[in-house]
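For reference, the structure discussed in these notes is given below.
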Amino acid sequence: MSIEQDLAAWIGRTREGRDLVTPRLMAEFRATFAPHLAPVAAGEAWPALHWCLAPETPAADALGPDGHAAKGGFLPPVPLPRRMWAGGEVEFLAPLREGDAVTRVETLRDVAFKEGRSGRLCFVTVDHVIAGPSGPAIRERQDIVYREAAGAQTGTAAAPERDDPSAYGQVWTVPATPTLLFRYSAMTFNGHRFHYDHPYATGVEGYADLVVHGPVQATLLVNLAATQLGRTPSRFTHRGQSPMTANQTFSVCGRRSGDGWEGVTLDAQGRVCMRTRAFL
Ligand SMILES: CC(C)(COP(=O)(O)OP(=O)(O)OC[C@H]1O[C@@H](n2cnc3c(N)ncnc32)[C@H](O)[C@@H]1OP(=O)(O)O)[C@@H](O)C(=O)NCCC(=O)NCCSC(=O)C[C@](C)(O)C(=O)O
């Protein structure tokens with residue numbers, strides 16, 4: 001049996017979690033991202049706070065070498081070591097509010113190997129439904145990618161696309177401090193070591209510094225989209241194009257586009273790290 005066939009056995013597996021939108025989470029989220037948050041009604045959760053709800057809580061002895069739950073449980077045992085958040089699509093159906101009890105149901109939708117310019121890649125797609133007291137509030141597709149080991153790469157990444165903040169109607173500048181990364185990892189119970197363990201991020205995974213979470217960039221982008229559009233978009237797509245590393249000030253840029261919105265995060269050199277679209 002091929003590895004693709006082996007891993008296909010994981011498709012359709014589900015996992016469920018429960019949580020509460022606590023006053024503490026609301027306060028931590030505001031403290032981590034303000035002033036770069038969309039205006040929302042009193043007691044309403046900001047767009048993308050749901051990424052902090054009902055995270056996986058693996059025991060310490062159930063972790064893999066990267067600090068995530070060891071593969072082979074809910075996520076398949078993909079034989080490539082370096083996990084990244086590739087992107088996804090979020091549908092905002094109804095707002096969540098402080099005090100809401102929520103459930104998260106995850107379903108493994110697909111596992112697909114691809115040959116990227118940087119080498120072999122494996123994309124794992126997971127569907128999420130987050131429901132509050134009145135039913136589904138958020139529906140989401142999350143794309144996770146696994147890459148070859150640093151040093152064993154069979155390709156060379158393409159030169160990153162560049163862009164200019166002055167081409168956008170509104171720009172937030174955000175210092176990518178290790179403290180921002182640490183606080184977001186803590187709020188999401190994300191043990192991924194390359195967000196806080198510098199020798200691991202540089203020496204083992206081969207990045208230039210600690211890596212800024214994909215969902216940190218997407219949270220800022222969707223909050224900028226909601227600010228410029230005047231409401232939470234109904235749909236938000238995002239794709240990580242190039243790793244954003246810590247200890248630089250990055251730009252979160254957005255502009256109206258047709259009847260929707262488009263945005264990017266740019267690192268200090270103007271490299272596009274994440275590209276997004278939002279729709280009313
Ligand atoms: C993903 C990388 C490795 C591909 O790099 P590449 O240059 O090798 O790929 P490519 O040659 O551009 O594309 C190859 C194929 O992959 C597809 N593809 C290419 N990119 C994507 C994408 N994003 N989403 C979906 N599909 C993608 C692309 O469309 C193409 O498909 P095709 O052959 O069918 O035409 C590269 O673009 C990259 O490094 N992106 C940045 C990723 C990043 O920084 N993520 C955030 C930080 S990681 C994180 O937050 C982690 C967390 C939160 O702890 C956590 O574990 O969940």
Side-chain angles (χ1 to χ4, degrees), residues 48 50-52 55-56 58 63-71 73-76 78 80-90 106 108-126 128 140-150 152-162 176 178 180-197 200-201 204-221 236-246 248 250 252 264-267 271-277:
H50 72 280
W51 281 323
C52 306
E56 193 180 5
L63 298 176
D66 65 357
H68 269 300
K71 289 177 284 185
F74 173 66
L75 292 178
V78 173
L80 296 173
R82 289 192 298 157
R83 171 178 162 153
M84 292 200 108
W85 173 285
E89 175 166 342
V90 185
E106 298 177 53
L108 201 122
R109 187 209 283 198
D110 196 25
V111 183
F113 284 90
K114 291 191 175 182
E115 215 45 66
R117 285 168 292 189
S118 67
R120 197 156 163 73
L121 304 170
C122 182
F123 289 91
V124 174
T125 308
V126 182
H128 293 243
E140 176 177 6
R141 186 197 80 240
Q142 263 177 34
D143 303 323
I144 298 162
V145 64
Y146 293 91
R147 312 178 65 196
E148 294 168 332
Q153 284 176 255
T154 50
T156 310
E161 185 193 351
R162 284 172 195 267
L180 167 69
L181 273 55
F182 170 79
R183 296 208 313 179
Y184 192 76
S185 291
M187 274 197 297
T188 51
F189 204 63
N190 178 349
H192 202 164
R193 289 170 62 190
F194 72 5
H195 300 304
Y196 58 87
D197 179 341
Y200 173 83
V204 178
E205 295 225 13
Y207 296 104
D209 203 327
L210 299 173
V211 176
V212 179
H213 311 67
V216 164
Q217 298 174 61
T219 295
L220 290 161
L221 283 158
F236 174 75
T237 63
H238 62 289
R239 183 165 168 143
Q241 295 193 177
S242 178
M244 169 84 74
T245 49
Q248 60 178 315
F250 66 96
V252 182
V264 288
T265 51
L266 303 177
D267 72 7
R271 285 185 285 246
V272 178
C273 293
M274 180 170 277
R275 186 171 281 289
T276 58
R277 301 262 306 147

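In what follows, residues are counted from 1 in the order of the sequence shown. Note that ligands are numbered from 1 as they come in the structure, with each ligand's atoms numbered from 1 the same way. Basis for what follows: all heavy atoms, side chains included, without hydrogens, waters or symmetry-related copies.
- Atom numbering of ligand 1 starts at 1 in the shown order; those under 4.0 Å from a heavy atom of Val211 are 47 (C).
- The main-chain N or O of Leu121 is never found under 3.5 Å from a side-chain atom of Glu115 such that the two would form a donor-acceptor pair.
- In this structure a side-chain-to-backbone donor-acceptor pair under 3.5 Å is missing from Lys71 to Gly64.
- Taking a cutoff of 4.0 Å between a charged side-chain nitrogen and a carboxylate oxygen, Glu148 and Arg120 do not qualify as a salt bridge.
- At a heavy-atom cutoff of 4.0 Å, ligand 1 is contacted by the backbone of Gln241 but not by its side chain.
- At the shortest separation from atom 4 (C) of ligand 1 among protein heavy atoms lies Leu121 CD1, 3.9 Å.
- Heavy atoms from both the backbone and the side chain of Met84 come within less than 4.0 Å of ligand 1.
- Contact of the Met274 side chain with the Arg239 side chain is not registered, since no non-hydrogen atoms from C-beta on lie closer than 4.5 Å.
- Closest to atom 28 (C) of ligand 1, if we only count protein heavy atoms, is Arg239 NH2, 3.2 Å.
- Using a 4.0 angstrom heavy-atom cutoff, Ile144 does not count as in contact with ligand 1.
- Residue His213 has at least one heavy-atom neighbour below 4.0 Å for each of these atoms of ligand 1: 50 (O).
- Counting only heavy atoms, the protein gets under 4.0 Å from atom 42 (C) of ligand 1.
- In this structure, atom 6 (P) of ligand 1 lies nearest to the protein heavy atom Ser118 OG, 3.6 Å.
- With Thr265 contributing its side chain and Gln217 its backbone, the two residues share no donor-acceptor pair below 3.5 Å.
- For Val216, no heavy-atom contact with ligand 1 is shorter than 4.0 Å.
- Residue Ala86 places at least one N or O, backbone or side chain, under 3.5 Å from an N or O of ligand 1.
- His195 and Trp85 have their aromatic ring centers separated by at least 6.0 angstrom.
- Between the side chain of Gln153 and the backbone N or O of Ser118, at least one donor-acceptor pair lies under 3.5 Å.
- The main-chain N or O of Glu205 is found under 3.5 Å from a side-chain atom of Arg82 such that the two form a donor-acceptor pair.
- Distance screen at 4.0 Å: atom 35 (O) of ligand 1 has no protein heavy-atom neighbour inside the cut-off.
- The aromatic rings of His213 and Tyr184 sit perpendicular to each other, their planes meeting at more than 60°, with 30° as the lower class boundary.
- Distances between N or O atoms of Met244 and those of ligand 1 include no value under 3.5 Å.
- Side chain of His238 to backbone of Ala218: no donor-acceptor contact under 3.5 angstrom is found.
- The closest side-chain donor-acceptor pair between His50 and Glu140 falls under 3.5 angstrom.
- When each atom of ligand 1 is checked for a heavy atom of His68 under 4.0 Å away, the hits are 54 (O), 55 (C), 56 (O).
- Of all the heavy atoms of His192, the ones lying under 4.0 Å from any atom of ligand 1 belong exclusively to the side chain.
- On a distance-only criterion, Arg147 and ligand 1 share no N/O pair closer than 3.5 Å.
- Nearest approach of Ala246 to Val212, heavy atoms of both residues: N-CG2, 4.1 Å.
- Of all protein heavy atoms, the one closest to atom 50 (O) of ligand 1 is Gly214 N, 2.7 Å.
- Of the protein's non-hydrogen atoms, the one nearest atom 25 (C) of ligand 1 is Phe123 CE2, 3.6 Å.
- Looking only at protein heavy atoms, the nearest one to atom 30 (C) of ligand 1 is Lys114 CD, 4.3 Å.
- Checked against a 3.5 angstrom limit, the closest N/O atoms of His195 and ligand 1 fall inside it.
- Residues Thr276 and Val264 approach most closely at OG1-N, 4.4 Å, considering heavy atoms.
- For the pair Pro215 and ligand 1, a heavy-atom separation below 4.0 Å is found.
- A distance-only check finds no donor-acceptor pair linking the side chain of Arg147 to the backbone of Leu80 [under 3.5 Å].
- Residue Val145 has no nitrogen or oxygen atom sitting less than 3.5 Å from a nitrogen or oxygen atom of ligand 1, judged on distance alone.
- Comparing Val212, Thr245, Thr125, Asn190 by heavy-atom distance to atom 53 (C) of ligand 1, the nearest is Asn190.
- Considering backbone and side-chain N/O of Gln217, none are found under 3.5 Å from N/O of ligand 1.
- Residue contacts with ligand 1: Asp143 is placed with no nitrogen or oxygen under 3.5 Å of a nitrogen or oxygen of the ligand (distance criterion only).
- Ranking the protein heavy atoms by distance from atom 12 (O) of ligand 1 puts Arg117 NH2, 2.8 Å first.
- Using cut-offs of 30° and 60° for the angle between ring planes, the Phe194 and His192 rings count as parallel.
- The shortest contact between atom 45 (N) of ligand 1 and any protein heavy atom is with Trp85 O, 2.7 Å.
- Taken from SG in Cys122 to CD1 in Ile144, the straight-line distance is 10.0 Å, to the nearest 0.5 Å.
- Taking a 4.0 Å cut-off on heavy atoms, Ser242 registers as neighbouring ligand 1.
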